[in-house]
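All values reported here derive from a predicted model rather than from experimental measurement. Throughout, a chain's letter reflects where its sequence line sits, starting with A, and its residues are numbered from 1.
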Protein chains: 2
Amino acid sequence: MSTKNKILDAAELLFADKGFNGTSLREITSLGEVNLAAVNYHFGSKKELIKAVMSRYMNELSPRLESVLNALCQEDTQPSLIEVFSAFIEPLLYLNTFKDNGTSTFLQLLGRGYTDSQGFLRWFLTTQYPEVFTLFTQAVHKAYPELSAEEMFWRLHFTMGTIVFTMSSTDALIGIAENDFERQVDIAGVIKRVIPYVAAGVAAPILI
Amino acid sequence: MSTKNKILDAAELLFADKGFNGTSLREITSLGEVNLAAVNYHFGSKKELIKAVMSRYMNELSPRLESVLNALCQEDTQPSLIEVFSAFIEPLLYLNTFKDNGTSTFLQLLGRGYTDSQGFLRWFLTTQYPEVFTLFTQAVHKAYPELSAEEMFWRLHFTMGTIVFTMSSTDALIGIAENDFERQVDIAGVIKRVIPYVAAGVAAPILI
DNA sequence: GTCGAATTCAAACAGTTGTTTAAAATAGCG
DNA sequence: CGCTATTTTAAACAACTGTTTGAATTCGAC
């Protein structure tokens with residue numbers, strides 16, 4: 001395996017677990033068993049490494065997301081909100097075949113990115129992959145045309161919050177749940193549980 | 001104003017904005033215009049300072065929350081979920097009279113605490129203020145008795161995620177919203193928008 | 001005013017951070 | 001082989017981290 005990939009693998013693991021600020025380059029290079037200077041040699045800086053870690057996932061995810069959302073938008077029949085959100089399942093779970101624990105890791109990274117380092121990752125994603133956001137908004141509008149742009153703005157951000165926050169603490173929550181309810185839970189189970197929740201939230205009656 | 005309070009005021013501002021890990025003691029003492037060593041003298045350590053910042057809010061909030069939730073639990077009639085979540089509004093907004101921007105700052109701190117420093121704040125809150133969590137669970141159960149304990153566990157954590165995450169990026173979101181929709185938004189407005197969302201989410205039909 | 005405790009202060013501590021350097025090692029090609 | 005370009009390496013860099021020290025100052029009670 002190339003040094004570059006050793007670094008990316010070690011970095012994504014630590015970033016997901018301890019956040020971007022909370023992970024040092026020495027921890028990464030130590031876990032990846034490469035020299036400290038290799039990060040700056042191959043990626044230039046820590047910030048560029050963070051972008052590279054996210055891009056590796058986004059480049060797999062975004063075409064698949066665009067494809068399913070496009071299909072939804074071009075159908076003749078009106079989709080339900082459940083269908084819109086369910087469209088995310090297959091592309092997200094695909095990350096598991098692309099990489100061990102890929103889905104969970106990616107969603108944790110996403111959660112980190114929104115809170116760590118004052119939202120620079122939010123800027124990175126919305127500017128680098130804007131099509132996904134546009135298509136998603138279109139699909140929601142098709143499923144729920146009565147929702148005003150302003151209301152949709154807030155509800156989509158609430159949804160983003162639910163997903164991202166839940167997933168960034170998935171491991172802890174799954175641990176508690178398995179202990180309290182004595183049954184096995186996995187990431188796919190959590191995703192399937194959260195969809196009715198966010199769908200109902202977005203579909204909530206509009207306040208007067 | 002006492003040195004202790006100068007430190008607390010500066011710390012909560014910076015913690016809310018840049019996170020606990022992202023804020024150094026030198027930034028705090030510089031903003032508060034006190035000596036660097038004062039933090040360790042008055043609080044012992046940075047970790048204890050974080051606890052003190054959170055406690056100052058929780059000691060105001062928790063008795064008020066317990067009071068309204070208790071009232072809800074002891075009523076004869078069954079409350080709606082909207083009523084349960086609306087019970088949080090008054091105690092939360094009270095923090096605004098207690099301190100400028102208190103509500104927003106506290107919710108941002110809460111968001112930070114859940115992601116920063118690997119969830120030690122989650123442990124701190126659930127162990128130091130367990131009554132609030134118990135009463136909240138009871139109130140939701142009264143409003144929606146069909147919800148199993150397991151389903152409730154997940155939906156309450158989804159809700160926590162929505163609130164905490166939204167509020168931790170409130171400032172950015174309010175900025176975008178005011179720019180895009182040309183109307184003023186404040187923290188009370190966001191709270192009132194999020195309640196129908198989380199209430200509908202918790203009330204979502206149970207998946208089979 | 002005097003004493004003793006509480007507080008403030010500048011300075012230094014030891015440790016970590018991301019990044020850079022220049023020499024050493026390796027690889028690929030003619 | 002020899003030569004160049006790429007990559008790896010150990011070491012050092014300056015800046016920053018939380019914490020501690022011991023002397024200087026301020027304060028309140030007598």
Show the atom names and distances, to 0.1 Å, of all donor-acceptor pairs under 3.5 Å that link a side chain in residues 190-199 of chain A to residues at least two apart or in another chain.
{"residue": "Arg193(A)", "atom": "NH1", "partner": "Glu151(B)", "partner atom": "OE1", "Å": "2.9"}
{"residue": "Arg193(A)", "atom": "NH1", "partner": "Glu151(B)", "partner atom": "OE2", "Å": "3.4"}
{"residue": "Arg193(A)", "atom": "NH2", "partner": "Glu150(B)", "partner atom": "OE2", "Å": "3.4"}
{"residue": "Tyr197(A)", "atom": "OH", "partner": "Thr159(B)", "partner atom": "N", "Å": "3.3"}
{"residue": "Tyr197(A)", "atom": "OH", "partner": "Thr159(B)", "partner atom": "OG1", "Å": "2.7"}

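Contact annotation: Asn40(A) does not reach the phosphate of dG18(C) (side-chain N/O to OP1 or OP2, under 4.0 Å). OP1 or OP2 of dT8(C) has at least one side-chain nitrogen or oxygen of His42(B) nearer than 4.0 Å. For the OP1/OP2 pair of dG18(C) and a distance below 4.0 Å, the side-chain nitrogens and oxygens of Ser45(A) include no atom meeting the criterion.
Remark: Asn96(A) pairs with Thr103(A) by the side-chain hydrogen bond (donor to acceptor under 3.5 Å, both in side chains) rule, at least two apart or across chains. Every residue two or more places apart in sequence or in another chain that forms a ring pair (Phe, Tyr, Trp, His ring centres under 6.0 Å) with Phe136(B) is listed here: Phe85(B), Phe88(B).
Sequence order on DNA chain C of the closest nucleotides to Ser24(A) and Lys4(B) puts Lys4(B) first from the 5' end.
In summary, Asp9(A) and Lys4(A) do not engage in a salt bridge, as defined by a charged side-chain N under 4.0 Å from a carboxylate O. We find that Lys99(A) and Glu12(A) are joined by a salt bridge, their nearest charged nitrogen and carboxylate oxygen being less than 4.0 Å apart.
Cation-pi geometry between Arg64(A) and Tyr94(A) is satisfied (NZ or CZ under 6.0 Å from the ring centre, within 45° of the ring normal).
How far CG of Leu8(A) is from CZ of Arg56(A): 4.5 Å, rounded to the nearest 0.5 Å.
Bending across the helix from dG1(C)-dC30(D) to dC13(C)-dG18(D), expressed as the angle between its end axes from five pairs apiece, amounts to 30° (10° rounding). End-to-end axis angle of the helix from dG15(C)-dC16(D) to dG30(C)-dC1(D), from C1' rotation axes over five pairs per end: 10° (rounded to 10 degrees).
On the nucleic acid side, DNA chain D contacts chain A at distances under 4.0 Å to non-hydrogen atoms, with the end points of that region at dT6(D) to dA12(D).
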